[in-house]
Number of protein chains: 2
Amino acid sequence: MIDWDDVRYFLAVARGGSVRAAAGRIGVNHSTVLRRIAQLEERLGAQMFEKLPSGYRLTAAGEEVLELANQMEASSHQLETRVFGRDQSVRGLLRVTLAPTLTAHLLMPDFADFARLHPEIEMEIVSSGELANLTNREADVAIRVVYDRKTLPLNLHALKGPDLFGGVYMSRDLLAAWRAGAPDPIRWIVISMHGIPDWASEGEVRTTAVPFKTTDGEAQIAAVRQGLGITTLSCFVGDADPLLVRVPGSDLHMHGTLWLLTQGEIRTTKRVRLFTEFISRRLAAYAPLLTGLSITRD
Amino acid sequence: MIDWDDVRYFLAVARGGSVRAAAGRIGVNHSTVLRRIAQLEERLGAQMFEKLPSGYRLTAAGEEVLELANQMEASSHQLETRVFGRDQSVRGLLRVTLAPTLTAHLLMPDFADFARLHPEIEMEIVSSGELANLTNREADVAIRVVYDRKTLPLNLHALKGPDLFGGVYMSRDLLAAWRAGAPDPIRWIVISMHGIPDWASEGEVRTTAVPFKTTDGEAQIAAVRQGLGITTLSCFVGDADPLLVRVPGSDLHMHGTLWLLTQGEIRTTKRVRLFTEFISRRLAAYAPLLTGLSITRD
DNA sequence: CATCGGTGGTGCAAAATCGATCCGGCTGGC
DNA sequence: GCCAGCCGGATCGATTTTGCACCACCGATG
């Protein structure tokens, strides 16, 4: 009889492409993965991978096994989801995933309020760059900005929130200096992988052709606060920052709509219901800030 | 993350009804099962079993989990089946399941011939009382006696063999003694759990009302050879035994039809094809013996 | 009422597994 | 052309898991 847990290692290697990558995902030493794969292949009596110097690649047999291994994983996830969905106690873990910017510049105070309100709920904010997969139980609730509602995952329950607008911002000091006849050039501050959005205009100010690139949203904000130039920001970031003002003559642009996503069986959990009700009220209160109506255009 | 192999232990306990029964099935110490179930419950954060003095019984949560655990098992079995089905080498394991009587009194010489013909095939004859489940990969080939072809499992591939007839037998010596005016009473020899089949008649001989019961087919044959009385036997047993004769005036009765069963993906294996072709030829040659036509009625 | 076969549970020693580390080989970028 | 960063593989000591023996308990049975 094969060890079912070995199939989990098999999946990790098949996806990671190498033993070491798989070990990183699972969180074990790579030699463990090596041994478990060898054990699985021995018990099945067939090679699942070609052992190349560049990594492990699936053989034809491995490709066929992959399909069933995915089925096992799906059943395992459903199993966990079903057990978790029965959990009606208030104490326990609640994992929320959302974009880092939303966490840092808008919702962290609300998360703190919620945590104070329910001290027995253990909270985990999964706020990395990638989208966490609710079906895989990487998180219980997701707060997402969705541009086209047709792109919402069909298997998830979605609760609509306010629309999200963005604008073009610069530092208050830089605007004053520019009005006084700026000595320094004004540059576009962009995130490398994104570039300048097509909707953004410079408004009344003039920028040099030489952009200033950052890899990270926080670095971008820090740069614009330093008066390096102008950049596009969500209104809830730019309008809430006393050091920043909208670039005169620039327009707002709708980024998308906020959605609260939960998964079927997990949604029935008391913790999840408490959180979604709490945070959707807070989001509704933030609607003017999010849509850019909190301040009057100057 | 849960250990997927723990789900296998969960299934064994759910089916066995107790930790010790599950340990017996899996082939480990019962304390191991105890610890793995405790680990699973801890990681899931829910009780799967009520710990009664009489054993482990599923909780409501456990019932819900059982369904998904079965799915995982089904995927695991399909996975093994698919890998095994790719195996086109002649060397390796071949497991055959069939009724003990068929093994001992008819086919063992043929199995021996096959093993001599293919010395690199490791053979295993699974000839316990219960039907082995091909879908669970407990065996690769099954030889079954089927009374109604509608009862054949639909998911298996079935190859029809000869019909199987039975009759009423007694020892040659007893018949002679009875014809000479028997001093001893002639008894019905029956297997306890079966009783006297409704189709069987005593023929010309007279039996006492007191039956002789055995638990086991081999004991039944030994008893009739000892001249204890008359009994129903398959023709291939009774006709092939020089010590036995059919009871004068008794009739034959069709027991059913022999079928060679294999499972879809496993059927494509070279070993399985070699075996089914070999054994179906032998079965065809045995047709007169199996249908009771090998000897003329006296 | 004692016994016997079944249950779950618990220390402790042995065995199997795992993690850290080192090694050789490959590859791509400077 | 060299070096850094991957890769798989092997080794060895530490850690975890397992098996074994035992216990208490419960129910049926003689």
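Protein chains get the first letters and strands the later ones, always in sequence-line order, with residue 1 at the start of each.
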**Message:** Within the 3.5 Å criterion, strictly below it, is a donor on A:Trp4 or B:Ser76 matched to an acceptor on the partner's side chain?
**Reply:** yes
**Message:** Any donor-acceptor pair under 3.5 Å linking the side-chain atoms of A:Gln220 with those of A:Thr231?
**Reply:** yes
**Message:** Under 3.5 Å, is there a donor on one side chain and an acceptor on the other for B:Asp216 and B:Thr214?
**Reply:** no
**Request:** Calculate the interatomic distance between B:Asp6 atom CG and D:dT16 atom C1'; express it in whole Å.
**Result:** 14 Å
**Prompt:** Taking atom C1' of C:dG25 as reference, at what distance in whole Å does atom CG of A:Leu52 sit?
**Reply:** 13 Å
**Asked** With respect to the phosphate group of D:dG19, does any side-chain polar atom (N or O) of B:Ser31 fall under 4.0 Å of OP1 or OP2?
**Response** no
**Asked** OP1 or OP2 of D:dC7 sitting under 4.0 Å from any side-chain N/O of A:Ser54?
**Response** no
**Between P of D:dA10 and CG of A:Asn29, the distance in whole Å** = 15 Å
**Interatomic distance, B:Lys51 NZ vs D:dA24 C1' [rounded to whole Å]** = 19 Å
**Prompt:** Counting only side-chain N and O atoms of A:Arg36, is one of them less than 4.0 Å from OP1 or OP2 of C:dC18?
**Reply:** yes
**Request:** Name the residue closer to the 5' end of DNA chain C, choosing between B:Pro53 and A:Pro53 according to the nucleotide with the nearest heavy atom.
**Result:** B:Pro53
**Message:** Within the 3.5 Å criterion, strictly below it, is a donor on B:Arg15 or B:Asn70 matched to an acceptor on the partner's side chain?
**Reply:** yes
**Distance test, side-chain N/O of A:Tyr56 to OP1/OP2 of D:dC6, below 4.0 Å** = no
**Complete:** From CD of A:Glu50 across to P of D:dC7 the rounded distance in Å is 17 Å
**Item:** Nucleotide D:dG5, atom C1' - distance to NE2 of A:His30 in whole Å
**Value:** 14 Å
**Asked** Below 4.0 angstrom from OP1 or OP2 of D:dC7, is there any side-chain N or O of A:Ser18?
**Response** yes
**Test item: side-chain donor near acceptor, A:Gln263 and A:Asn155, under 3.5 Å** = no
**Asked** Looking only at N and O atoms, is any donor in the side chain of B:Arg35 or the base of D:dG19 less than 3.5 Å from an acceptor on the other one?
**Response** yes
**Complete:** A:Leu34 atom CG is separated from D:dC7 atom C1', nearest whole Å, by 11 Å
**Asked** Please give, in whole Å, the distance from D:dA4 C1' to A:Arg20 CZ?
**Response** 14 Å
